[in-house]
Protein chains: 2
Amino acid sequence: MSTQARQPAEKKLTRKGQETRRRIVAAAAQLMYERGVTEATLEDVRAAAGVSGSQIYHYFADKQELLLAVIEFQTEAVLDMQKPLFAGLDTMEGLRQWRDALVEYQLRLQCRGGCPIGSLGSEVAETNPEARLAAASGFLRWESAIRGGLQRMYDRGELDADPDDLALATLAALQGGLLLTQLQRQVRPLEVALDSMLDHIEAHTRQA
Amino acid sequence: MSTQARQPAEKKLTRKGQETRRRIVAAAAQLMYERGVTEATLEDVRAAAGVSGSQIYHYFADKQELLLAVIEFQTEAVLDMQKPLFAGLDTMEGLRQWRDALVEYQLRLQCRGGCPIGSLGSEVAETNPEARLAAASGFLRWESAIRGGLQRMYDRGELDADPDDLALATLAALQGGLLLTQLQRQVRPLEVALDSMLDHIEAHTRQA
DNA sequence: ATAAAAATGGGTTGTCCAATCCAGAATCTG
DNA sequence: CAGATTCTGGATTGGACAACCCATTTTTAT
């Protein structure tokens, strides 16, 4: 019963019910992003979502199940936001645009918050295996999107290195850069980390 | 009174007192590393340190002050462990040895725990400005150690790129690699992230 | 040796929060 | 439109934990 049957519900919900559920997840995601999982109390979530009483327990068995829904939600949000840029990751120009957008976004946030998946993942990694796997799976999807672009470059014969390795290294550089940017409250770490990685990729390009 | 006078004590402690204090910090560091700051209760720390009752409050004003001591402690621990390798960071061979040692260490830990500074930093970044600064300062010291090696390469005319940028990017790659390694429970992310970065550095080397 | 200072142990308090219950209202389905 | 189901609101409970207090013992300095 442990690994099975998580989030068994999600069905049989009225339109209004689905809407309420979504509002709870969104509010929880925001609060957990701002304060961390343990600091975000269900009372806060309740108030922020504009629901009352035992509503949260009506839709989620416990805080854990809500947390898993939040990780899923944040993964979708992160990937959705970058979706328009993923298609371009098969040229250096597109990669630079992607980099610029990430840097720009952090600037708008004043370097606060870090990566929604990374922050959650780091917090739960050692105490919550289920949540750890959920975060890891989110990163796998992200990595896939990056790999897709590099793979197309490789297939066109424009890249002279393993796309798998480069994609993973790029995601790592992004995450590390984000963490340092978050802690220092300046974008330079993110800029430098991504630039180094993209320069490294560029060094392995050749015109087809 | 906010930014001033943190950890005003530390003096006027008997040898036995210093020993007890150190034991508390070490136990707290271990527990916070394993479970996170909020999940590590002072009761746990008390038991793990083998002290009793209000001992923790005898040495620390509150949990916050203990946390700051822990961040300091972990910074020292992380830097101490790498100290023998820092001297060699001015050659590619030394950099590779450093990489190998980090990977080796993660393997011994079965990819658990992540970076002691990074995990703490990520957890406190948005809720605890003082702790955020302490973690950021720890990373600055780490970055300095890496920069030192690259700067010597540069000064010898063997490096054809900004040592400051490379050092920061290397630390970012390391942190991102560690996070992904921790979440996936396999060393490959750390290996690939560091290898990409070291390859990038090597591409900018030339014999003097 | 003795007084002062530091260290220890146990017990207590107040708060916060996850989780549960129940009764009533809204919404869906046949 | 009527019965069933889903949704909602408020109130409560039980446990955990940070923080505090005080009496006693040990250590340090004179």
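Side-chain atoms are counted along with the backbone in the values below, which use heavy atoms only and exclude waters and symmetry mates. In the text below, chain A, chain B and the rest are named by the order of the sequence lines, each starting its count at 1.
Rounded to 10 degrees, the angle separating the terminal axes of the helix from C:dA1-D:dT30 to C:dG30-D:dC1 is 30°, with each axis obtained from five end pairs.
Taking atom NE2 of B:H58 as the reference point, atom P of D:dT27 lies 14 Å away to the nearest angstrom. Distance CD (B:E19) to C1' (D:dT26): 16 Å, rounded to an integer number of Å. If you measure from atom CZ of A:F60 to atom P of C:dC17, you get 20 Å, rounded to the nearest angstrom. If you take CD of A:E65 and C1' of C:dT20, they are 16 Å apart, rounded to a whole angstrom. One interatomic measurement links the two molecules: CD1 of A:I24 to P of D:dC7, which rounds to 11 Å at whole-angstrom precision. The separation between A:I56 atom CD1 and C:dT20 atom P is 13 Å, rounded to whole Å.
Take B:R141 and apply the side chain to side chain contact (heavy atoms under 4.5 Å, CB included) test, not counting sequence neighbours, and it matches B:E72, B:T75, B:E76, B:L79. Every salt bridge (charged side-chain N to carboxylate O under 4.0 Å, His left out) that A:E202 has, sequence neighbours left out, goes to A:R96.
For the pair A:R22 and A:E19, the salt-bridge criterion is not met [side-chain N within less than 4.0 Å of a carboxylate O]. At a threshold of 4.0 Å, the pair B:E123-A:R35 does not count as salt-bridged, since none of the basic side-chain nitrogens sits closer than that to a carboxylate oxygen.
Other residues, nucleotides and ligands place no more than 12 heavy atoms under 6.0 Å from the OH atom of A:Y154.
Counting only distance, with no hydrogens or angles, the side chain of A:R46 and the backbone of A:T41 share no donor-acceptor pair below 3.5 Å.
Applying the side chain to side chain donor-acceptor pair (under 3.5 Å) test to every pair with at least one member in residues 110-122 of chain B, sequence neighbours left out, gives no pairs at all. Counting only residues at least two apart or in different chains, side chain to side chain donor-acceptor pair (under 3.5 Å) contacts with residues 164-178 of chain A comprise A:D165-B:R188.
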Under 4.0 Å protein heavy-atom contact, by nucleotide of nucleotides 9-20 of chain D - B base, S sugar-phosphate only:
BB------SSBB
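A close approach under 4.0 Å does not occur between any side-chain nitrogen or oxygen of A:T20 and OP1 or OP2 of D:dC7.
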